[in-house]
Amino acid sequence: MSEVIQTKKSAEMQEIEDKMTMLVQTGRIDNLIDLLAVVSDQIEMTTTPIVEKMVHSIDNIATAGFVTENAVRYAKRESAKNEIPSLFGMLKLLKDEDTRKGLAFMLNLTKGIGKQM
Amino acid sequence: MKKQILIVGGGTAGTMTANNLANKLMPEINRGEVEITMISDSKIHVYRPGAMYVAFHKAAGHEFIRDQRSLLMLEVDFIVDKAVEINAKSNYVKGKSGTKYNYDYLVLATGCEVAADRIPGLQEGGDWFYSYEGAKKLAKKFAALKKGRVLVTVNFPKTPNIPHQCGIAPVETTMMLHDYLTEKGIRDDIEIIYTYPTKSQAVENGLFLQAPTSDVLPMIFDSINVKHKTSFTLAKVDPKTKTAYSEEGEKMEFDILMSTPPFIAAEVIRKSGLSKALDDEGWLPTDKKTLKVKGLDNVYTLGDTVDLSVSKAGGTIHNQVDVLVDNIAAEMRFGYPTESYDGKVIAIAQMGLQCGMPLWYDYEEDVKPTPCSKLGSFVRLGFNKSLYWAAARGML
């Protein structure tokens, strides 16, 4: 005589079973397993040096974003505060050390781009 | 009249506060109503948790040091000057240069410092990874180590219920040491002994400062052959014979003493008369919810300077900053603080060289040990070497 074993399931367990059944019946479970395998493989194959190089690139992008955002905000505020400078006013602006520092940086940046062309 | 916000300290807490305040108060700054000034005794910014990687030759050290100005938004006026006096009655901080910095709101973010001289012989006989110089010294010793014993000791402040800097660090470094020696192929020739003091914040005679972790640590240490000993409160060190003595009357010999040394608040805080901590440790009496210094309505504090029971770590500061910044902004806009700190700490512990364990807790719930993973280790590494700088800049 066969014996029927019944297990008590919570409503959550039943819901998970129903949803998994639907994934199995429609064959989509295979894609999900493939996806999990790909994610798992990526973790397995990633090494500390790879992570270091990746985060270095992210840091460079974040730094560039931070510098640019600061500079744009500053320029907007200064432009709103002051009138459009005359030619003499431009020269006065050029006398400022920070302006010259920024300009020299921009010129060197241009040179750096030029070197790669 | 412009409102002056003065931040003292250019570490994690000060830098995050300055940038987040500038972001939050941008409308007021644009209208010329608010000025934010930071004074720090150094023009460089040091990411201190990086030092433990230096100890195990996983970083050179320079990766964790940057120019302070490069981390601050342009709206933050940055001045290199060492704060030497805090006058909370007349609302100014005096610098070593003689300059008086007036404030309407003051943020004290001066951190804490190693005070190894509080244990006789520790300065000469011990090593620690809480500073780059210390970590480099330790790295040299580990590189030369062929056999013998590494003894790990942990020290807690005398003031009750206050942790040492970065609560999980002694566990992290013990496990990193195990992995490092295994990588070198000499683990079997070196005995690692992890000890913990009798009184450690919330726990007595345990291996960690919170019970759930303290309970599982023996099993974890046993699995990697790390010997462990409770009730070993370091009393003195004899550097000549390389022997550590405990308050409980035990002694233990070592080849390397990897110690979590005593910590105290910065000198300017200790001399300010604001602290009531024992043994001149200088922790600031802090309202656990508003993060104001108790008794001072316009002075806030956060990070390693506070007398709260939560960890003195970046994962704490990251959560405190948002509350503190919202409260200062609300005070300016509505006349009262609106946010409340729940004690939240979020971090990833480096449980060995290749395994990271996410952890979180708050005033109400202790940290629950979870399995560490390779992915967790990558996230921690990513934070150390990249995301930290974005967080310090107020971008995260």
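Numbered from 1 within each chain, the chains take letters A, B, ... in sequence-line order.
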* Asked: Under 4.5 Å between any side-chain heavy atoms of B/Val171 and B/Met351, yes or no?
  -> yes
* Going by the angle between their ring planes, with limits at 30° and 60°, are B/His57 and B/Tyr180 parallel, tilted or perpendicular? -> parallel
* Within residues 66-88 of chain A, which positions have a heavy-atom distance to chain B below 4.5 Å? -> A/Phe66, A/Asn70, A/Ala71, A/Arg73, A/Tyr74, A/Arg77
* Are the side chains of B/Met38 and B/Val8 in touch, meaning some heavy atoms are under 4.5 Å apart? -> no
* Mind checking whether A/Thr48 and B/Phe378 have side chains closer than 4.5 Å, heavy atoms only? -> yes
* Asked: Which bit of B/Ser70 is near chain A, if near means a heavy-atom gap under 4.5 Å: side chain, backbone, both or neither?
  -> backbone
* Measure B/Glu63 against the heavy atoms of chain A and call it side chain, backbone, both or neither at under 4.5 Å. => neither
* Under 4.5 Å heavy-atom distance to chain B, tell me which part of A/Thr47 shows up: side chain, backbone, both or neither. => backbone
* To do: Could you please state which residues from residues 314-321 of chain B sit under 4.5 angstrom from chain A, measuring non-hydrogen atom to non-hydrogen atom, sorted by number, or 'none'?
  => none
* **Electrostatic pair B/Lys2:B/Glu33 at N-O distance under 4.0 angstrom** => no
* Is any side-chain N of the basic residue among B/Arg66 and A/Asp59 closer than 4.0 Å to the acidic one's carboxylate O? -> yes
* Could you list which of residues 389-396 of chain B have a heavy atom closer than 4.5 Å to any heavy atom of chain A, in residue-number order? => B/Trp389, B/Arg393, B/Met395
* To do: Indicate yes or no: at least one non-hydrogen side-chain atom of B/His45 is less than 4.5 angstrom from one of B/Asp67.
  => no
* Structure fact -> Those residues of residues 24-32 of chain B that come under 4.5 Å of chain A on a heavy-atom basis, listed by number, are B/Met26, B/Ile29, B/Asn30
* Structure fact -> Correct closest heavy-atom pair for B/Val76 and B/Ala18 would be CG2-O, 3.8 Å
* To do: Give a yes or no on whether a salt bridge exists between A/Glu15 and A/Lys19, defined as a side-chain N under 4.0 angstrom from a carboxylate O.
  => yes
* Gap between atom CD1 of A/Ile43 and atom OG of B/Ser373 - 0.5 Å precision -> 7.5 Å
* chain A contact via B/Leu71 - side chain, backbone, both or neither, heavy atoms under 4.5 Å -> backbone
* To do: Using a 4.5 Å cut-off on heavy atoms from C-beta on, say whether the side chain of B/Leu177 contacts that of B/Phe142.
  => yes
* Would you call A/Glu12 and A/Lys9 a salt bridge, using N to O less than 4.0 angstrom? -> no
* **Short N-O contact, B/Lys385 and A/Glu52, less than 4.0 angstrom** => yes
* Heavy-atom closest pair, residues B/Val54 and B/Gly61 -> CG2-CA, 3.7 Å
* Below 4.5 Å from any heavy atom of chain B, which atoms of A/Ser57 appear? Answer side chain, backbone, both or neither. => neither
